[in-house]
Amino acid sequence: MRGSEVSQAEQAEQAEQEEGAEGAEGTDRSEVAGRAGAGSSATEAAGRAGRVPDRAPGDAASGEAAHAPGAGGDTGSPAGAETEGGAEGGSSGGEESGAPLGEAAGGGAGTEGGGSSEARAELAAQQELRSRIEKRKAERPGPIEAGGRLSGTAADLLAAVRAVESGARPPGAFFEASAAPRKPAPTSVARPERPRVPAPGPAPRQTGPGTVAAVREVLVSGGAPEGLAARVAGVLGDQAGEALREDPWRLLAVPGVQPEQADGFARALLGAECRPDDGRRAAALVGWLLERAALRGHTAAESATVREALARHSVPDPDEALRGAVAEGAVLVFQDGVDAAAAPVRTEESGADDGHGAPETGEAAGQPEPVPVLLGLDRYALAEESLADGLTRLARSVQPASWEAAADAAATPSAAELVRAAAGHGLVAHTGGETARGEPAALVAAARGLGLRAVTAVHSENGRRRTGAGAVTVRGLLSGAEGPGRDDDGALAVDLLAVLDAPQLDVESAAALVESLPDGCRLVLSGDPGVLWSAGAGRVFADVLAARVCPVVASRTPDPGPLGELVSGVGAGELVRVDAPGREVVIVPVRDAGEAVHRTVQLVADSVPRAIGVPSAETQVITVGHGGSAGTRALNAALKERFNPGPGRFGGFDPDDRVVYSPAAGQILTGTVVSAGAEGLHVDCEGAAVVVRQDRVGSTLRHGWALTAHQAAGMRWPAVVVVLPGDTVQGLNRAWVYTAFSRGERHLSVVHGVEQALPRAVAGIPPEARTTRLRSLLESLLRPGGAEAAPA
């Protein structure tokens, strides 16, 4: 067990190494990764095979090469969690396709049909909803507790969790509740109560010295490093010492602790009473597996997958272990999208496993096969339920309007189509590349011309600079630091919100954003569906597109020039040569990782500034992973030696070091070290002064001359150098290549050594599927008659 502080990024790295995925960027792939959640869409089909490009001759001495495109590599894991990756070099080719980027089919929101029985059911639902709203209004003057902004199913779910925690409800009732199919929401115009207060951020738990001392005593008696005491106390709270003695496996709740380490700690404390079938061990393992899955972007995991993982960790009876974990309230059970009248319901309690005969019975009768049972942590379950309810509220609370004059004045047909879609719907999805970002910006300008309060929100400060004046970041909008502020009811004072970089929205931030929007507000989610998904759990934008419950406007405005042609080709699954007379795309073949590092430094320091005219400070290096001979660590060490040599006096950093700061999972800020003091390291993060405490430097701060593609998602630079050493083949997929190649505005250099692995990855390797519930929830709420289950 390590005694030093381990960040969420480091946990993901360690998990990836355990599973043998070398060179993969972002978070790890773990054994609990299942197929996508019930009712979600099947993974996108692999694109047509790409042609192998011809290698262009390069100038090895100068670091410049002929204009041929190509590069690759990263996993489909989330960005905030970082993993080891390798690197080397070779040759490459470039490509192009005339198809515009990120086009997606659209779907319209539907209404549910109804006979007389449905009308009665709808009326009853309305009456119950109005009663609930009136009750909440009467109670409003009192303080609002955490979760008080939730409504509908999300509020019911939170109440169920708290009932089990308090002992007012039997834990086994979760099985009974999960077995029942989710009923579609009523189609009436009755509006659920919108949120009244902004979502508070999770405050760090404060513990006293007495608590830390008690935990340290328990850790020492169990043979664990006493340096873990403060972290254990922060996770487990004031009674951490007592809780740890009663249940040693609760140590697994501390980030970075592995099951083998927790088992050793338990053996030292419990002696002969320590058994592999201990219920406490099973519950802790289930929670740990689901936390690892969340680091890879999953909001839930199939029960069969979790059972297999428990068996690998020597749990004698995984089925009984899962029952116990649910009874303890460690996890929740879901089975969305099941039609109880058409197919048998499989739950853990029924004893029908995923391979038993019940599904064949349904198939023989011509009935749909029931979806798998999903397990999830309450935080992500609440977020997905709340997000689905909030999107439904927005979709149904908008009064259609006619904005024909604004649409006719739009600069492009795609912008006009987007204006018309937003005029008639409360929820609209928009897809396209970098140039297409101007279309939602035009929509916001048109809405302001109509007298509406319209706002554009982006993922990062980098994205705000590219979007123009008036744009805000999602994080700043939610915190109140940016944007129009909130009205008297606590909702954001907006009539239309266009969220750019929507693929970077994780389910928790998306839920907080949607909960903060008032009734009648129009929400436009815009982004490039080809890029890597969010750093946090969920795949919100992809699930909204797959559910087809709102209009989808696919931009017909492709990115221009050789870079645009290359990226469009990658998005279509082809890697073809592009003509780059202005050296917009350059390939630099290398033989090994050492040469890859050398040529990268040469490109950034000399070749790109001299031949392209982009200063070194505006050139970003992107590679597959953090570890390996040409990962971010090796590249940053070499680039620091070239641009800012120093002893690393302040936790490995010196003034003027280029850094990337991650205050929380999924939050990435680039900046420069200014100075250091007793309170910590002073960093200029994109114009904002940030102080990083000494105890947080090692876990939240990295050198930033070289980033992974997940870290770079949502940002762009004038010039980008993509490093693809030969040992990164396992980390290559189309989404990684697409993201890395599309980060450059004027120039892309590829230090390439993966040879034919690049066109193969572009042609047919999708990112790892994420198991989520949002698509099935949206389908059941917004599609006529609900939806059949389908894997995501």
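Remember, predicted model here, so these are calculated numbers, not experimental data.
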A.B. asks: For Arg464 and Ser460, indicate whether the former's side chain and the latter's backbone hold a donor-acceptor pair under 3.5 Å.
C.D. replies: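 No; judged by distance alone, with no hydrogens or angles, the pair does not exist.
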
A.B. asks: Step by step, would you call Val586 with Leu748 a side-chain contact (heavy atoms from CB on, under 4.5 Å)?
C.D. replies: CA-CA 6 Å; Val586 171; Leu748 168 68; over 6 Å; no

A.B. asks: Using distance alone, with no hydrogens and no angle criterion, decide if Thr467 and Arg437 have a side-chain donor and acceptor under 3.5 Å apart.
C.D. replies: yes

A.B. asks: Are Phe653 and His703, when compared by the centres of their aromatic rings, separated by less than 6.0 Å?
C.D. replies: yes

A.B. asks: Listed by chain and number, what are the side chain to side chain contact (heavy atoms under 4.5 Å, CB included) partners of Val597, not counting sequence neighbours?
C.D. replies: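 Listed in chain order: Ala630, Leu635, Ala638.
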
A.B. asks: Among Glu686, Arg466, Met715, which residue satisfies the side chain to side chain contact (heavy atoms under 4.5 Å, CB included) criterion with Glu461?
C.D. replies: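 Testing Glu461 for a side chain to side chain contact (heavy atoms under 4.5 Å, CB included) against Glu686, Arg466, Met715 leaves exactly one candidate, Glu686.
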
A.B. asks: How far does CZ of Arg231 sit from CG of Leu251, to the nearest 0.5 angstrom?
C.D. replies: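 With rounding to 0.5 Å, CZ (Arg231) is 9.0 Å from CG (Leu251).
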
A.B. asks: Quick one: pull up CG in Leu681 and CD in Gln694 and give me the separation to the nearest 0.5 Å.
C.D. replies: 9.0 Å

A.B. asks: Has Glu595 got a side-chain atom pairing as donor or acceptor with Arg591's backbone, closer than 3.5 angstrom?
C.D. replies: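 Here the side-chain-to-backbone pair exists.
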
A.B. asks: Hey, what do you get for OG (Ser749) to CD1 (Ile587), rounding to the nearest 0.5 Å?
C.D. replies: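 One finds 10.0 Å between OG of Ser749 and CD1 of Ile587.
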
A.B. asks: To the nearest 0.5 Å, tell me how far Glu434 CD sits from Leu563 CG.
C.D. replies: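 Going from the CD atom of Glu434 to the CG atom of Leu563 covers 11.5 Å.
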
A.B. asks: Do Asp684 and Thr672 have side-chain N/O donor and acceptor atoms under 3.5 Å apart?
C.D. replies: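 Judged by distance alone, the side chains do not pair up.
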
